[in-house]
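Start at 1 and go down the list; that is how both ligands and their atoms are numbered. FYI, side chains are in, hydrogens and waters are out, and symmetry mates aren't considered; it's all heavy atoms of this structure.
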Amino acid sequence: MKLFRPLSALLAVLALALTLPAVAAERIPVLASFSILGDIVANVGGDRISVSTLVGPDEDAHVFQPAPDDIKAVARARLIVVNGLGFEGWMERLAQSANYRGPIVVASAGIKARERVGDDEEEHDHGGAHAHHGKDDPHAWQDPQNVIVYTRNIAAALAKLDPAGAEVYRRNGEAYVARLQDLDAWAARQFGQIPDAKRKVITSHDAFEYFGARYKVRFLAAQGVSTDSEPSARDVAALIRQIRSEKIKALFFENMSNPKLLQQIARESGTAPGGKLYADALSPAAGPAPDYLTLMRYNITQLLEKIRLN
Ligand SMILES: [Zn+2]
């Protein structure tokens with residue numbers, strides 16, 4: 001009976017050799033840390049790559065806890081793309097656990113980072129590992145001009161990994177850059193029509209500082225730059241007073257943050273929450289923000305509608 005074993009094993013190997021190249025081996029497996037970045041990577045890579053993400057739609061990267069499947073996804077990848085700026089404090093350990101030896105490209109490399117706001121010494125963010133990841137605000141993707149830098153960094157990293165596709169990545173990247181420029185010009189025109197004094201928005205955590213700087217909108221957040229920070233009762237009370245005295249009507253939940261604190265602020269300030277902004281994650285495919293460009297247009301439309309009432 002022993003004779004049949006090597007034979008069946010050999011047949012299995014042959015069967016694999018016959019089927020695998022046609023399906024799996026053609027696309028390069030690339031792993032992006034979170035859903036928004038995964039969409040940008042997919043736009044640049046086109047059909048030469050297959051993209052998977054660790055932190056999916058409506059999920060919160062600040063408090064991400066890798067599962068055994070995530071270690072497998074990392075081990076399979078030939079390129080990992082991260083946001084950087086301290087957003088993925090868990091990535092280094094995860095790559096080690098998976099024995100990953102490929103490149104890790106930082107999509108935000110070269111952008112002008114903003115400093116964290118509303119941050120204090122007590123805060124330990126990103127996975128609760130008591131690690132402090134610098135003083136940069138990670139939410140750079142909320143400014144389309146930064147995403148142009150992301151796009152070109154990703155195109156360069158893919159070209160290095162797969163030189164035969166370099167021209168495709170460059171072309172895909174520049175086509176995507178053109179769409180980002182359109183988005184940015186449209187957004188600037190829209191906000192330009194609204195008086196400065198009205199451009200005030202309340203959100204759960206400080207995810208919109210880059211956006212606010214780009215389009216001159218003032219975002220006031222209950223929490224600091226990470227969703228796992230705990231604001232003091234005094235800070236919350238001060239925010240409520242400010243909402244009342246400045247009569248701010250634009251108050252938004254975020255798709256991946258706990259709504260409790262914002263509900264409390266809405267109740268105590270007598271303001272009705274205006275809906276949901278997509279901060280650190282896409283929506284599922286059937287939702288209103290399944291890709292980055294749609295996410296931005298959705299957020300901007302929501303924001304414009306409410307700040308007009310301020
Ligand atoms: Zn965030």
Side-chain angles (χ1 to χ4, degrees), residues 32-40 53-66 81-91 94 106-108 111-120 122-144 146-147 150 201-215 217-231 235-236 239 251-262 265 273 275-283 287 289 292 295-296 298-300 302-303:
S33 53
F34 71 118
S35 57
I36 293 171
L37 191 58
D39 174 53
I40 301 164
T53 54
L54 292 171
V55 185
D58 283 344
E59 287 175 13
D60 183 356
H62 293 293
V63 294
F64 176 65
Q65 307 264 3
V81 186
V82 295
N83 179 74
L85 304 170
F87 192 53
E88 301 97 342
W90 34 264
M91 184 57 97
L94 180 56
V106 177
S108 67
I111 68 138
K112 193 175 180 301
R114 294 183 60 82
E115 284 200 5
R116 289 163 172 252
V117 287
D119 210 4
D120 57 45
E122 252 63 56
E123 192 193 343
H124 299 294
D125 57 326
H126 307 117
H130 288 240
H132 197 72
H133 298 284
K135 53 187 173 51
D136 292 330
D137 176 350
H139 305 91
W141 61 86
Q142 289 291 345
D143 176 348
N146 288 337
V147 176
Y150 282 37
V201 180
I202 312 294
T203 56
S204 295
H205 85 299
D206 265 318
F208 296 96
E209 288 297 310
Y210 290 89
F211 185 102
R214 181 76 193 148
Y215 305 115
V217 181
R218 224 170 113 222
F219 284 87
L220 300 159
Q223 283 172 297
V225 83
S226 176
T227 53
D228 72 349
S229 69
E230 199 72 54
D235 290 346
V236 173
L239 184 60
L251 198 128
F252 287 94
F253 292 109
E254 294 166 349
N255 66 315
M256 29 46 75
S257 305
N258 188 332
K260 264 169 90 177
L261 180 61
L262 206 82
I265 290 167
K276 197 157 70 172
L277 295 178
Y278 285 82
D280 295 5
L282 300 174
S283 72
Y292 173 75
L295 174 153
M296 292 298 284
Y298 179 82
N299 280 353
I300 291 164
Q302 297 265 98
L303 285 166

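- In this structure, the side chains of Phe208 and Leu277 come closer than 4.5 Å at one or more pairs of heavy atoms.
- For Glu209, the side-chain contact (heavy atoms from CB on, under 4.5 Å) partners two or more places apart in sequence, or in a different chain, are Arg114, Val117, Asp137, Asp206, Phe219.
- For the pair Tyr150 and Val81, the minimum side-chain heavy-atom distance is 4.5 Å or more.
- Taking Ser33 as the reference, Glu88 meet the side chain to side chain donor-acceptor pair (under 3.5 Å) condition, with sequence neighbours excluded.
- Protein atoms of type N/O/S that fall under 2.8 Å from the Zn ion (ligand 1) number 4 in this view.
- Qualifying side-chain contact (heavy atoms from CB on, under 4.5 Å) partners for Asp39, counting only residues two or more places apart in sequence or in other chains: Asn43, Tyr176, Leu282, Asp291, Tyr292.
- Here the side chains of Phe34 and Phe64 are not in contact, with every heavy-atom distance at 4.5 Å or above.
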